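Notes follow the structure.
We number each residue from 1, following the sequence as shown. In listed order, ligands and their atoms are each counted from 1. The structure displayed is predicted, hence computed values, not measured ones.
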Amino acid sequence: MPAGRHFLQIPGPSNVPDRVLRAMDYPTMDHRGPAFADVGRSALEGMKAIFKTEGRVVIYPSSGTGAWEAALVNTLSPGDQVLMYETGHFAMLWKRLAENLGLKPLFIEGDWRSGADADAIGERLRADKGHAIKAVCVVHNETSTGSVTDVARVRKAIDAAGHPALLMVDTISSLASVDYRHDDWGVDVAVAGSQKGLMLPPGLSFNAISDKAMKASQAAGLQKAYWAWSEMAGPNDRGYFPYTPATNLLYALNEAIAMLHEEGLDQVFARHSRHGAATRAAVEAWGLEVLCAKPEDRSPVLTAVMMPQGHSADNFRAVTLDHYDMSLGNGLSKVADRVFRIGHLGDFNDLMLCGTLSGVEMGLRDAGVPHRAGGVLAAMDKLGQTPGRAHAAAE
Ligand code: PLP
């Protein structure tokens, strides 16, 4: 084992704070016993505040993909059209999942260098005079590219088109890192996972559900059993689950929610934005290019960096892991070996960012990737313009 702590700078799973690890390190309890109801209720109610919703939230013991499937099977029927937008790899995977379930995705193709274009979505909906499209699905923070979609604009585009489609949003890598407002933005189903902004290990996933989506679920014809929202409602109302929940991950979730409120959600979002801006300052100083070409869409959660022509991103990552014990995200599918991704999310602070960027800069040098030195200095300058307050909550 190398000395010191491994730098886990992939864009999720993110670093799990010691407080959250300690909260899990507690005897597993009887999930049908009287003491459990408080744990279950705190988690279910606590997640409403994180999603900013008054509606129902369900929690599954699964990775995010399970909650993707749950969003679709609970609301749609075989052969339904769903409008999806190719922001990157995860949008493509959600589309493939929809196809496998017997839905008909209509895909607005994208170049993986921006968030979803609300105008293009509005245009497709206006052309759908017969309202055959039953849902619009977008990825809020596209983890494969580092681009953010303006969800409020997508809602406005749907409304302006006078279209009744449900709006479904993948918040797997945005929730608790990027501002997200389920009710204000009129989202019908949100999908989330535990292993990113929520700072937990992988293993929990979530749906936040509007009343309109709940109503749609009563008529939805896709087959479902494990994922059925209707099975959750009764037990959830009493703080329980219809099957064995991931008890210790729920202890962890309650601790993580407390930590997010202690810092303040707005401060959490500001911290992520600041780290995103400092990372981009470093990339610019290195003379490298950020994959997301639209500055206003660039992600506070991760930065995908393009490799100079003829240089392998995977080789650079392997050298960085070998020399500095730091894991960086790889390029996925269309951008495999052409980009690397720096995760700057979750339980993360200024010095962790400086360490991360130092590792990248040294790795670029060691792997012989052409670049200018000085990225870390540029990031430090950027951070210095708006100094963070590590102890703000305690003052
Ligand atoms: N959607 C996004 C935006 C993701 O980042 C991920 C995973 O990284 C997924 C979906 C799939 O989630 P999981 O791997 O937890 O099943």
Side-chain angles (χ1 to χ4, degrees), residues 8-16 51 58-73 82 84-101 105 107 110 112 114-116 135-151 154 168-178 180 187 189-208 226-227 246 249 252-253 256 272 276 291-292 297-304 327-336 339-346:
L8 181 67
Q9 296 316 136
I10 59 175
S14 62
N15 295 290
V16 179
F51 280 112
V58 300
I59 305 178
Y60 297 108
S62 85
S63 84
T65 302
W68 257 353
E69 177 161 339
L72 301 177
V73 295
V82 289
M84 302 179 119
Y85 196 105
E86 185 190 4
T87 42
H89 178 71
F90 290 103
M92 284 181 42
L93 288 185
W94 202 8
K95 171 183 169 255
R96 199 170 74 194
L97 192 147
E99 279 164 353
N100 289 341
L101 292 172
F107 212 32
W112 289 41
S114 71
V136 173
C137 300
V138 292
V139 177
H140 188 200
N141 185 77
E142 176 53 75
T143 325
S144 63
T145 65
S147 68
V148 175
T149 287
D150 186 335
V151 175
V154 174
M168 305 203 195
V169 179
D170 172 340
T171 70
I172 288 178
S173 64
S174 60
L175 195 74
S177 296
V178 181
Y180 176 77
V187 178
V189 189
V191 177
S194 56
Q195 73 272 27
K196 315 248 183 192
L198 289 173
M199 309 181 290
L200 305 189
L204 292 181
S205 71
F206 309 85
N207 281 159
Y226 184 77
W227 305 112
L249 284 176
L253 178 62
H272 282 77
L291 177 63
C292 180
D297 290 0
R298 288 180 178 157
S299 169
V301 170
L302 77 138
T303 301
S327 296
L328 294 165
N330 62 336
L332 293 163
S333 55
K334 278 191 187 173
V335 291
V339 308
F340 66 90
R341 295 173 297 149
I342 305 170
H344 32 78
L345 70 158

Worksheet item: Okay, side chain of Arg298, backbone of Cys292: is any donor-acceptor separation there less than 3.5 Å?
Response: yes
Contacts table for ligand 1: protein N or O within a distance under 3.5 Å of ligand N or O, distances only.
from	atom 1	to	atom 2	distance (Å)
ligand 1	1 (N)	Asp170	OD2	2.6
ligand 1	5 (O)	Thr143	OG1	2.5
ligand 1	5 (O)	Lys196	NZ	3.3
ligand 1	8 (O)	Lys196	NZ	2.6
ligand 1	15 (O)	Gly64	N	2.8
ligand 1	15 (O)	Gln195	NE2	2.8
ligand 1	16 (O)	Ser63	OG	2.5
ligand 1	16 (O)	Gly64	N	3.3
ligand 1	16 (O)	Thr65	N	2.8
ligand 1	16 (O)	Thr65	OG1	2.5

Discussion item. Which residues pass the side-chain contact (heavy atoms from CB on, under 4.5 Å) test with Ser205, not counting sequence neighbours?
Written reply: Tyr60, Ser62, Ala67
Worksheet entry | Partners meeting side-chain hydrogen bond (donor to acceptor under 3.5 Å, both in side chains) with Ser173 (sequence neighbours left out) | Asn141, Thr143
Worksheet entry | Partners passing side-chain hydrogen bond (donor to acceptor under 3.5 Å, both in side chains) against Ser147 (at least two apart in sequence or in another chain) | Thr145
Worksheet item: In terms of the angle between their ring planes, are Tyr180 and Phe51 parallel, tilted or perpendicular, with boundaries placed at 30° and 60°?
Response: perpendicular
Item to complete: Give, for atom NE2 of His140 and atom CG of Asp150, the distance between the pair rounded to the nearest 0.5 Å.
Response: 7.5 Å
